[in-house]
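The next block holds one structure in the form of structure tokens; read it before the comments.
Letters A, B, ... are given to chains in the order of the sequence lines, protein chains preceding strands, and every chain is numbered from 1.
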Amino acid sequence: MNMVQYDAPAIEKKWQARWVAANSFAASPDKTKPKYYVLEMFPYPSGRIHMGHVRNYTLGDVVARYRRAKGFNVLHPMGWDAFGLPAENAAIERGAHPGNWTRDNIASMRTQLKSMGLAYDWGREFATCDPNYYQHEQLMFLKFFEKGLAYRKESWVNWDPAENTVLANEQVVDGRGWRSGAIVERRRLSQWFLKITKYADELLAAIETLERWPERVRLMQHNWIGKSEGARVKFRMLGDTMPIDTIEVFTTRPDTLFGASFIAVAANHPLAVALGETNQDAADFIAECAKLGTSEVTIETAEKRGFDTGLSAEHPLLTGKKLPVHIANFVLMEYGTGAIFGCPAHDQRDLDFAKAYNLPVTPVVLPPGVNQDDFKITREAYTGPGKLINSGNWDGLDIEAGKQAAITALEEIKVGSVETIFRLRDWGVSRQRYWGCPIPIIYCDDCGVVPVPAKDLPVTLPEDVDFSKPGNPLANHPSWKHTSCPSCGKAAFREQDTFDTFFESSWYFLRYADPKSAHGFSSEAAEYWLPVDQYIGGVEHAVLHLLYSRFFTRALSEVGYLDLAEPFAGLMTQGMVCHQTYQDRDGKWLFPTEVIHDGDDWRHGKTGEAVRAGRIEKMSKSKRNVVDPEIIIETYGADTARLFMLSDSPPERDMEWTEAGVQGASRFLKRIYRMVNDNALPSIGTPQPTDGEGMELVRATHKAIYSMSLDIEGFRFNRAVAQLHTLANSISNTKGKSPSVAAARRFAIETLVQLIAPLTPHIAEELWETLGHQTMLANSSWPTANESLIADNIIEIGVQINGKLRDTVSLARDCTTQEAEDAALASPTIVRYLENQAPKRVIVVPNRIINVVV
RNA sequence: GCGGCUGUGGCGGAAUGGUAGACGCGACGGAUUCAAAAUCCGUUUCUGGUGACAGAGUGGGGGUUCAAGUCCCUUCAGCCGCACCA
């Protein structure tokens with residue numbers, strides 16, 4: 001027997017080199033072929049790949065290789081989301097230039113990715129920090145600006161007074177700067193915004209069309225956009241000394257207007273601000289609200305608190321009825337108009353507030369089946385359906401009719417109108433950072449905001465920057481910001497902010513379609529390749545990245561780049577890679593490599609001390625429950641790592657990385673390797689048997705092709721792997737030595753190698769070559785199942801009595817109902833159970849089940 | 001608080017309303033070996049029984065159906081998202 005060892009590293013290097021030599025995975029320029037665009041979310045070049053990347057890219061690679069084998073022109077690109085904060089941190093901490101640091105990281109991660117054997121078209125690779133990339137988004141921005149899709153306004157930022165810099169939200173920990181520990185202040189700065197709210201309705205409505213998106217992502221986007229339909233109502237202030245003469249409120253319940261018992265405004269509402277200037281008590285209360293707002297814990301437990309301004313407003317429909325005006329801590333300036341009318345009977349927050357401040361509670365909606373005299377609101381507001389009461393001539397209307405009546409009445413006297421508002425805010429894209437795409441704007445004392453002319457693009461980042469001083473290096477740079485006004489020629493300043501890095505990732509999938517284009521991408525290329533047929537990545541991008549990309553596609557269409565609404569036709573969100581955690585006696589986290597498994601106990605590999613094995617959690621550096629993909633690939637090979645990634649858990653669910661699981665995957669590959677190398681097989685093309693044991697193996701093979709194809713298309717990779725095991729078992733269990741069985745064995749083994757190729761491509765190519773083939777599997781087509789061979793002729797059917805399984809009978813497939821019934825009733829077991837009673841009814845579901853009802 | 005997802009052997013997980021537990025991991029028994037690793041064969045949902053077999057079983061309770069892990073109602077637990085959104 002020929003005992004060849006499975007040498008994964010050697011095999012993997014060999015085939016990776018051959019794929020490169022043959023340029024196997026370049027997308028074809030032939031646009032007459034049906035296309036398939038598979039995309040995995042491109043990585044931030046942190047320096048090393050982690051298991052999450054391995055899972056993500058393995059999933060994408062299976063899809064890409066499968067579609068290629070199915071005859072599609074596949075686009076499967078890879079690149080780098082290369083701007084971002086970690087590069088600046090490295091610069092500050094280690095003195096590395098962000099550009100060099102990023103490019104070094106890209107180089108090492110590219111090497112790591114290549115060792116995984118991913119079928120990428122590397123010819124399309126780019127990094128978003130390259131001016132060749134970001135210059136195009138500068139032009140896009142200018143076009144957005146022309147169309148009013150980009151604008152400038154004042155907005156709040158987190159300001160670290162110690163570092164003299166702006167912090168991102170995630171850099172603020174418990175109200176303090178993460179590095180300095182200084183208490184963060186809020187400051188107003190002029191910033192750039194993209195008008196995503198213009199598309200709020202469209203982005204919401206089009207969620208319906210995203211049929212191949214996970215329901216939960218669609219829901220999250222739905223909630224994020226947060227559409228509320230209601231009315232805007234004006235309340236006239238009473239008295240002459242008012243800072244403002246009307247308060248506008250937004251409500252989704254205009255039908256409860258007669259239940260209004262107070263008006264409440266946010267602490268930063270213009271009325272409150274005006275009052276705070278003259279009234280010390282009001283100012284104190286406002287200051288208190290501002291303080292509370294910063295900590296999240298207090299929001300959860302905060303009681304409803306208010307400040308009675310002593311002012312009042314008039315009810316718009318009840319002349320003379322006065323409503324007291326309060327400043328309330330639960331009213332948000334950012335939502336609606338920053339003011340509400342309180343209807344305590346039908347809103348829990350209003351009720352809590354009314355009880356705290358002794359305000360009247362008037363029920364105006366009567367639940368069905370309740371007597372009005374018995375209906376009292378005590379602890380809980382009633383928000384359910386019912387008929388209006390205490391509401392003048394609206395009494396008796398249901399809620400919907402009441403809303404209509406209210407709007408009509410308010411419109412008639414011009415104090416209100418229909419209003420729809422969204423939770424979605426415009427996208428603030430300014431970042432006070434160096435390592436990002438410069439915003440191509442010039443500020444001139446005379447001409448104001450002047451776009452950089454297209455001919456002057458790109459506005460590139462200066463390389464010679466100084467991170468030793470606090471603040472933004474772009475602002476500190478001696479010369480970069482100084483320029484002349486494109487319109488009048490006078491000395492002027494450049495915008496010193498850069499774009500949010502979500503800007504780059506909002507169109508990179510378009511760039512891949514045409515990565516060398518001088519215009520970002522050509523509309524012809526986009527028209528052929530887009531939308532992305534299958535997008536794969538983590539669910540953490542369910543809202544921001546995916547929503548911004550959907551917006552960008554629409555905005556780019558509006559300014560003439562392309563004609564497309566939705567960028568991603570199919571989306572798959574993968575689960576996290578988890579691992580058990582380990583702690584030593586002192587509670588210090590230990591790496592899995594430091595720990596050895598000793599019977600049921602864990603010990604420290606070096607000290608022998610007992611180790612506490614903890615929860616299985618998402619791999620994270622802080623808990624040290626990480627496994628380095630590079631070491632796995634060196635030890636077992638990329639194919640083993642890929643196979644294990646796919647084997648156990650469905651892709652959208654979290655998976656647990658275990659040593660036993662890796663070994664299981666490795667064992668299976670070795671088994672297949674032996675199967676090919678240790679079996680004396682007849683030559684290619686030996687005719688297949690038509691009966692006997694060989695025929696059974698042929699059938700099993702066709703079943704495997706059929707099921708495996710469906711499983712890959714349905715993202716059931718764990719089942720696809722199970723199909724491969726089943727086929728391998730069938731091959732092993734077929735013992736016959738006759739030529740016909742041997743021919744069947746060759747067919748089955750060849751097919752097994754073809755089927756496993758998208759999952760573990762290197763070993764598949766190697767074995768394909770061992771089997772005598774001259775061509776590469778990378779260029780071979782997917783096997784076709786002969787469906788007529790899939791169904792067995794004799795099938796085992798369960799026989800139930802009153803729905804309980806009692807026996808099985810063998811029947812010819814597609815036999816008549818009568819034959820099935822007769823066979824069932826002839827079964828000795830069934831006869832025994834029937835005890836001479838005649839069955840009441842016999843239900844026969846052909847080829848499935850027989851149920852005898854007694 | 002609101003919304004969503006998930007609960008199936010020791011474990012990961014399979015099951016178009018139709019024979020629950022495919023496939024794998026682990027465990028146990030056996031073969032091979034001087035021995036071990038590797039490999040091969042077998043057993044493995046639980047309870048009772050040597051056994052044929054019987055009973056129970058998909059978080060709990062109820063319902064629809066000839067038939068429910070699957071559909072409906074209800075309840076519990078875990079996870080995720082949003083969160084004073086008017």
State whether the number of non-hydrogen atoms from other residues, nucleotides or ligands found under 6.0 Å of [X] atom [atom1] is greater than 12.
X      : atom1 : answer
A:R216 : CZ    : no
A:K355 : NZ    : yes
A:K234 : NZ    : no
A:F502 : CZ    : yes

Measuring to OP1 and OP2 of [N], would you say a side-chain N or O of [X] lies under 4.0 angstrom away?
X      : N      : value
A:R253 : B:rC85 : no
A:N718 : B:rA14 : yes
A:S647 : B:rG12 : no
A:R667 : B:rG26 : yes
A:Y833 : B:rA54 : yes
A:K618 : B:rC79 : no
A:R349 : B:rG1  : no

[atom1] atom, [N] versus [M]: distance in rounded Å?
N      : M      : atom1 : result
B:rG69 : B:rA14 : C1'   : 11 Å
B:rU64 : B:rU70 : P     : 15 Å
B:rA77 : B:rG60 : C1'   : 11 Å
B:rG13 : B:rC85 : P     : 36 Å
B:rG26 : B:rC11 : C1'   : 7 Å
B:rG10 : B:rC28 : C1'   : 13 Å
B:rG1  : B:rC71 : P     : 27 Å
B:rA56 : B:rG61 : P     : 14 Å

Identified pairing partner of [N], criterion: Watson-Crick or G-U wobble below 3.5 Å:
N      : result
B:rA31 : B:rU39
B:rG7  : B:rC76
B:rU19 : none
B:rC82 : B:rG1
B:rA56 : B:rU45
B:rG69 : none

Cation-pi geometry met for A:K227 and A:F422 (6.0 Å, 45°):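 No, A:K227 does not sit over the ring of A:F422.
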Protein-nucleotide distance (A:I672, atom CD1; B:rC23, atom P), rounded to Å: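 About 16 Å, once rounded to whole Å.
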Base, sugar-phosphate, or nothing: which does [X] touch, judged by heavy atoms less than 4.0 Å apart?
X      : answer
A:N851 : base
A:V853 : sugar-phosphate
A:N729 : sugar-phosphate

Among B:rU19, B:rC85, B:rC66, the nucleotide that comes nearest once only the side chain of A:E796 is considered: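 Shortest atom-to-atom distance from the side chain points to B:rU19.
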Polar contact flag, side-chain donor to acceptor under 3.5 angstrom, A:S827-A:R806: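 There is no such pair between these side chains.
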Distance-only side-chain donor-acceptor flag, A:Y335 / A:S228, under 3.5 Å: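 Yes, side-chain donor-acceptor contact under 3.5 Å.
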Assigned glycosidic conformation for B:rG57 [threshold 90° from 0]: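 Anti conformation for B:rG57.
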